[in-house]
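Side chains are part of it too, since the values below use all heavy atoms of this structure and drop only hydrogens, waters and symmetry mates. Within every chain, numbering begins at 1; the chains are lettered A, B, ... in the order of the sequence lines, protein sequences first and strands thereafter.
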Amino acid sequence: MNASTLLDGLNDKQLEAVTLPHQSALILAGAGSGKTRVLTTRIAWLIQTGQVSPLGLLAVTFTNKAAKEMLTRLTSMLPINTRGMWVGTFHGLCNRLLRAHHREAQLPATFQIFDTADQLSAIKRLMKAMNVDDEKYPPKQVMGYINSCKEEGLRAHAVEAYDAHSQRMREIFEEYDKQCQREGVVDFAELLLRCYELLSRDSTIRQHYQSRFKYILVDEFQDTNRLQYLWLKLLAGEQQASGRNCIFAVGDDDQSIYAFRGARVGNMRDFERDFAVQSIVKLEQNYRSYSNILDAANAIITHNRNRLGKNLWTAAGKGEPVRVYEAYNDIDEANFIVDEVKSLHAEGHGLGEVALLYRSNAQSRVLEHALFSANLPYRVYGGLRFFERAEIKHALAYMRLIANPHDDTALLRVINFPTRGIGARSLEQLQETARSQGGSLWQAALQAAGKGDAIKAKGIPGFVALVKQMQEEAIGITLPEVAELATGLSGLRTFYQSEKEGEDRIANLDELINAAVAFTNQEIGVQVDENGEVAQSLLTQFLTHASLEAGEHQAEAGREALQLMTVHAAKGLEFKVVFISGLEEGLCPHEQSLYEAAGLEEERRLMYVAVTRARQRLYLSYAQSRLLHGQVRYGIPSRFLDEIPDELIKRLNAKPVARSGYGQDYNAMPKVMSKTSQEQKSAMPWKIGQSVAHAKFGQGVVVSYEGNANDMRVQVNFGREGLKWLALEYAKLEAV
DNA sequence: CTTACGTGAGTTTTT
DNA sequence: CTCACGTAAG
């Protein structure tokens with residue numbers, strides 16, 4: 001492929017972005033504007049025109065999926081071998097760098113990577129040892145604290161702590177890092193921080209990479225956290241006569257929906273300033289949706305104040321109106337969707353092209369139930385992933401012990417699984433020994449087994465013997481054979497065979513061995529061949545792969561099925577038909593978000609992302625009431641619906657009718673009632689669930705009431721104005 | 001060590 | 001309501 005064919009079909013803006021000169025640039029790429037195409041074409045163009053060799057650039061993404069996609073596209077554009085190229089996730093690239101310089105980074109060559117579950121159990125274990133009250137310091141919060149510190153680029157000693165509570169937190173943080181160091185493990189955030197510190201500390205290594213990566217490309221730049229930004233800055237190097245390496249940052253501030261996990265949209269503005277960005281290229285032509293859908297999205301997002309500014313347009317024409325359905329309740333909403341999907345299917349739309357989106361996972365329940373009853377095939381994203389399953393984690397723990405028996409987390413996971421009579425007492429003793437000697441649990445176990453302290457250490461000799469045997473047998477065998485060892489010799493397989501419902505688990509264990517085969521085939525050839533070392537290093541690689549890439553989200557491929565997922569999970573995807581359900585105040589925008597400073601704007605961006613997923617047809621639905629936390633909740637339509645101009649909308653129903661329900665009228669059973677006398681009921685001018693209007697607060701829904709006939713108060717949910725108690729005597733309410 | 005029961009919480013998620 | 005977790009009893 002020559003340069004002209006490479007650039008064929010790009011629009012002016014895309015072309016401009018792809019062929020920018022050697023300087024840092026910010027590409028504001030709207031939804032559906034060909035972002036990935038621009039990014040990959042830029043790389044291909046740089047390589048093809050000889051401005052850089054495939055090994056002289058670095059491209060970083062957030063997800064493995066995005067990285068793979070980039071490599072796949074690149075392979076189809078250029079006749080090059082992408083193997084060896086530095087294209088990957090932040091974590092993947094940092095891991096690679098740390099492996100290459102593990103000594104300088106003060107890590108063992110076989111360092112293991114903690115996933116979130118590993119990290120949490122390590123923190124719990126540490127807190128127990130430190131005698132920390134886990135009521136005052138919930139382990140999950142401690143983990144969040146540690147991770148967010150690291151994501152800010154801070155170690156324990158650098159964190160500010162003025163009160164006793166935060167000082168204790170800081171102390172746990174410090175001890176946790178020590179523990180990880182002792183055990184030779186790193187968590188996700190550590191991967192980045194360690195890499196960042198290595199580069200800042202070691203000028204030789206830093207300069208090596210700085211002189212190597214003349215071009216750095218970043219995908220989804222709006223999602224970078226502070227540490228990631230610092231890392232990028234470090235790799236880019238200082239501004240000097242020879243010129244700084246240039247960063248090609250692609251992002252969309254309007255699609256920043258991960259502030260809650262540390263993403264800083266502000267990095268975009270900082271980048272502009274820090275890198276003296278001359279060229280901001282806006283990609284505003286959308287190739288995905290018809291203009292009714294796009295205009296709805298634009299209308300919504302213009303309500304945000306804090307934007308870089310961008311307006312999507314399309315040449316595709318108006319298309320269909322945005323369909324809005326007001327449901328009686330959540331079940332009615334689900335049934336409506338089922339009926340619509342059925343007729344779409346009958347009209348020949350493939351089910352795989354239809355997505356049902358919602359704000360929170362809990363909402364999928366009702367939808368699933370309706371779909372199941374209607375016998376429509378569907379697929380829910382977001383469950384447990386392959387490498388996160390319990391049986392797989394157990395097998396991996398055995399494999400981890402083969403690679404490094406001092407991995408206490410792995411040891412604790414399986415020392416008594418399958419059960420071999422090692423109870424809390426012997427475990428405590430082991431931990432005591434380990435603590436007093438400053439060694440690992442494995443070392444303590446060796447002693448306990450060696451001493452032959454048969455009564456107290458019952459079962460431990462067996463476990464020690466097992467791991468030793470695994471380690472011996474693992475020498476010189478292939479990776480799948482190691483996996484076989486971990487599932488067979490460990491007793492896992494036998495255990496699940498005797499389990500009643502262990503069939504699926506056995507199947508997963510088999511799948512793990514298949515994964516090991518696949519991994520071996522894929523990685524073979526790049527291995528440094530040294531007999532005995534092959535299995536070892538490949539084993540470490542496989543374990544790394546398992547931590548860094550937990551696998552597809554429940555890939556049930558093959559069958560055409562409806563796609564159910566949260567709006568977050570839908571980012572980056574597109575569908576011919578999209579249903580967005582649960583558009584009520586409190587749910588979308590989520591009530592929790594309203595307490596946060598920039599919460600509402602992020603919720604609005606979420607809505608923007610959801611709307612822009614649709615190519616051809618968009619349904620928006622909301623329910624007057626729904627069952628939430630086992631209680632009936634009355635909501636009012638989401639403010640985001642009001643932000644869409646009427647002319648883009650087609651209301652599917654004027655007045656919601658109870659199509660079907662819980663078999664009874666919610667209104668007949670008010671939730672909160674101080675007294676249930678007959679007089680009260682008759683004196684109650686408003687039904688629970690009645691929509692009302694208030695001069696000051698606007699539209700609301702009656703939620704409950706209290707008091708007697710003379711002194712009645714009603715509680716009204718005004719959505720964004722909140723819940724209000726109004727005395728009927730004074731408040732003028734009108735039915736809507 | 002397993003099972004039963006009680007308690008409490010209950011956005012969004014990738015690595 | 002429903003699930004996950006922790007504790008108490010068998």
Proximity to the side chain of A:Thr89 - top-ranked nucleotide from B:dG10, B:dT15, B:dT13: B:dT15

Salt-bridge criterion met for A:Asp504 and A:Arg389 (N-O under 4.0 Å): no

Touch class at under 4.0 angstrom, heavy-atom based, for A:Ser593 against every strand present: base

Any A:Thr566 side-chain nitrogen or oxygen under 4.0 Å from OP1 or OP2 of B:dT13: yes

Over-ring placement of A:Arg99 relative to A:Phe111, 6.0 Å and 45° cut-offs: yes

Sugar-phosphate, base or nothing in reach of A:Glu603, heavy atoms under 4.0 Å: base

d(NZ, A:Lys571; C1', B:dT14) in whole Å: 11 Å

Atom-to-atom span, CD of A:Glu591 to P of B:dT11 - whole angstrom: 9 Å

side-chain N/O A:Arg385 vs B:dT13 OP1/OP2, d < 4.0 Å: no

Base of B:dT12 and ring of A:Phe260 stacked, centres under 5.5 Å, planes under 30°: yes

5' priority, DNA chain B, between A:Phe495 and A:Glu596 [closest heavy atom]: A:Phe495

Among B:dT15, C:dC3, B:dT11, the nucleotide that comes nearest once only the side chain of A:Arg365 is considered: C:dC3

Sugar-phosphate only, base, or nothing, as touched by A:Phe90 at under 4.0 Å among non-hydrogen atoms: nothing

Nucleotide nearest A:Thr419 (side chain, heavy atoms from C-beta), chosen from B:dT15, B:dT13, B:dT2: B:dT2

Interatomic distance, A:Leu120 CG vs C:dC5 C1' [rounded to whole Å]: 12 Å

side-chain contact (heavy atoms from CB on, under 4.5 Å) partner of A:Lys150, the single match among A:Leu191, A:Asp177, A:Leu192: A:Asp177

Nucleotide B:dG8, atom P - distance to CG of A:Asp134 in whole Å: 15 Å

pi-stack flag for A:His590 and B:dT11, centroid dist under 5.5 Å, interplanar under 30°: yes

Geometric class of the A:Tyr258/A:Phe260 ring pair [parallel <30°, tilted 30-60°, perpendicular >60°]: tilted

Touch class at under 4.0 angstrom, heavy-atom based, for A:Asp223 against every strand present: nothing

Shortest side-chain distance from A:Phe188, nucleotide among B:dT15, B:dT11, B:dT13: B:dT15

Whole-Å distance separating the CG atom of A:Leu606 from the P atom of B:dT12: 11 Å

Touch class at under 4.0 angstrom, heavy-atom based, for A:Asn64 against every strand present: sugar-phosphate

Rounded distance (Å) that lies between atom C1' of B:dT11 and atom CD of A:Glu602: 11 Å

A:Gly491 versus A:Pro418, closest heavy-atom pair with distance: O-CG, 3.4 Å

Between C1' of C:dT2 and NE2 of A:His369, the distance in whole Å: 15 Å

Proximal nucleotide (of B:dT15, B:dT13, B:dC1) relative to the A:Asn416 side chain: B:dC1

Side chain of A:Tyr258 (C-beta onward), nearest among B:dT13, B:dT11, B:dT15: B:dT13

Residue met sooner reading DNA chain B from 5', once A:His629 and A:Lys65 are mapped to nucleotides: A:His629

Length of the CD-P vector between A:Glu584 and B:dT11, whole Å: 16 Å

base_contact_polar (B:dT15 base, A:Thr116 side chain, donor-acceptor, <3.5 Å): yes

Donor + acceptor pair across side chains of A:Glu391, A:Asn508 (<3.5 Å): yes

Candidate nucleotides B:dT15, B:dT11, B:dT13, ranked by approach to the side chain of A:Thr63 - the nearest: B:dT15

Sugar-phosphate only, base, or nothing, as touched by A:Asp115 at under 4.0 Å among non-hydrogen atoms: nothing

Closest heavy-atom pair and its distance - A:Ala546, A:Leu396: CB-CD1, 4.0 Å

Distance between C1' atoms of C:dC3 and B:dT14 (Å, rounded): 23 Å

A:Asn361 side chain near B:dG10 phosphate (N/O to OP1/OP2, under 4.0 Å): no

